[in-house]
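Shown next, in structure tokens, is the structure this report addresses.
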Amino acid sequence: MEKTANQSILPISAKINDKGNLEIGGCDVIELAQKYDTPLYVYDEATIKSICNSYKTAFEKYKNFQPMFASKAFMTKYMCKLMQKEGFGLDVVSGGELYTAIKSGFDMSKIVFNGNNKSIDELEMALDNNIGRISVDNFLELALLDNLAKSKNKNIDIFLRITPGIECHTHEYIQTGHLDSKFGFDLTQLDEAVELVKEQYTSLNIKGLHAHIGSQIFETQVYYDVVEVILKEMARIKEKHSIELQEMNIGGGLGITYTENDTPPSINEIAEVILDSLESNSKKYGINSPKLYIEPGRSIVGTAGATIYTVGSSKQVPNGKKYVALDGGMSDNPRPSMYQAIYTAVVADKVHSDDKEIVTLAGKHCESGDIIIKDIELPKLEEGDIVCVFNTGAYGYSMSSNYNRVLKPCAVTVQNGQSSVIIKRETYDELISHDVIPDYLS
Ligand code: LLP
């Protein structure tokens, strides 16, 4: 079956140019470093578009289909604009993500608001801006939302988020669909939730069920299973409460290729499994085929993004490791220290050098665990070399911090030899702009 871009380590436009340098989106990575300084996030627009196309074509034959981008993976006004152009909706999980979408002029009817503890202010923002769907996670939220909606004389379309009880083999922190999870209604609580909406929370209109099974998934069977669990519940709800739900949202989760050991399925492969499950289980449970929403995040932006760093100091531990320090680290990419995530890198101006050694790429933060890549074989590094770490496009910038008061990097998008800033580099004045010295100390 045809490969899709989530199965490659490199962004699709990456190549070695005439100068022998790494090029992404037609832009020489060394020149990008000179122009914008480092650390720098570089997003290959061609890869993002190619992935979006793969999703659209893989599900083409299922007419009632709405792909959404899980904006938590990389949320900026640029992404909103690009996703809107691609016909994708958005999954948002906070007031901040919602605000970004609003300010970018996103079509509100194509936004789903997820999250296990939305505040009243956040729900209000969603209602005031006529958001498409709210995925209600728990009993408190049902009550709050109904109350707010009634006070505003509005009716709201919702999903009920469920915990489908499906385990997938990924890092424990990024599993969400197994039974012992903080997200969603347990299946045993679903009847009560439906009953409450029917009898009491009359401003809420249940359009369908929503589940998300986890992230960085390599198995296809879990997608078959989640569709089946949802259809089975829809059939039960129809039978027991005479409510015919029309929609299902099966979340995101498709994995990407951080290293050669990662073997995610293609988008076509998961689409085939999902559509097969929809067809056979709709028949099995006597349900009309519902509208299908998916909300991938990592697979849309992960492969597209790379981070470029400049090499600084190095240290050879006698009879031990050689550490080479980069000018960023856990503040621009906390994933290695949080999840033991493993990445692949090249030296942008020495891609073909045979003079190699095994080094550990360390960050610049005051923390021993601040390592970007452990024990990687790279051409011998010298101060000033430019290292490019691949697959940082998802959950890199989104989880970045100012730890050690390190400034957040700039992000650019590249295509056809053009680079454009999509996030400006933070300045020291911006960094301290929220600090307040109380009167008694000034
Ligand atoms: N939908 C819901 C309800 C989610 O909770 C998530 C991710 C997604 C969609 C998108 O999943 P994706 O397609 O990106 O796998 N920070 C972690 C990942 C946490 C994912 C949380 N939820 C990491 O860096 O690996």
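First listed ligand is number 1; within each ligand, the first listed atom is number 1.
Checked for salt-bridge contact, Glu141 and Lys118 meet the test: a charged N lies under 4.0 Å from a carboxylate O.
Per-residue contacts place Met399 under 4.0 angstrom from the following atoms of ligand 1 (heavy atoms of the residue considered): 16 (N), 24 (O). Per-residue contacts place Gly253 under 4.0 angstrom from the following atoms of ligand 1 (heavy atoms of the residue considered): 11 (O), 12 (P), 13 (O), 15 (O). Atoms of ligand 1 found under 4.0 Å from any heavy atom of Pro296, numbered from 1 in the order shown, are 13 (O). Close contacts of ligand 1 with Ala70, meaning ligand atoms under 4.0 Å from a residue heavy atom, involve 8 (C), 9 (C), 10 (C). Heavy-atom proximity to Glu295, at under 4.0 Å, picks out these atoms of ligand 1: 1 (N), 2 (C), 3 (C), 8 (C), 9 (C), 10 (C).
Annotation for Lys150: atom NZ counts as buried by contact number, over 12 foreign heavy atoms lying within 6.0 Å.
When heavy-atom distances to ligand 1 are checked against a 4.0 Å cut-off, Val93 has no atom that comes that close, whether in backbone or side chain. In Tyr339, the part holding a heavy atom less than 4.0 Å from any atom of ligand 1 is the side chain.
The closest donor-acceptor contact from the side chain of Asn147 to the backbone of Ala143 lies at 3.5 Å or more, if one exists at all. A donor-acceptor pair under 3.5 Å is formed between the side chain of Asp146 and the backbone N or O of Ser203.
Side-chain contact, Tyr78 with Thr413: a donor N or O sits under 3.5 Å from an acceptor N or O.
Ring geometry, Tyr55 versus Phe59: the interplanar angle falls under 30°, so the pair is classed parallel (tilted spans 30 to 60°). Relative orientation of the His365 and Tyr403 rings is parallel, given thresholds of 30° and 60° on the angle between their planes.
Ligand 1 has Arg161 within reach: a non-hydrogen atom of the residue lies less than 4.0 Å from it.
Considering backbone and side-chain atoms alike, Ser299 places every N or O at 3.5 Å or more from each N or O of ligand 1. On a distance-only criterion, Gly297 and ligand 1 share at least one N/O pair closer than 3.5 Å. At least one N or O atom of Ser215, backbone or side chain, sits closer than 3.5 Å to an N or O atom of ligand 1.
Taking each of Arg298, Met68, His212, Lys72 in turn, the one with a heavy atom nearest to atom 11 (O) of ligand 1 proves to be His212.
In this structure the side chain of Glu192 reaches within 4.5 angstrom of the side chain of Phe139, judged on heavy atoms.
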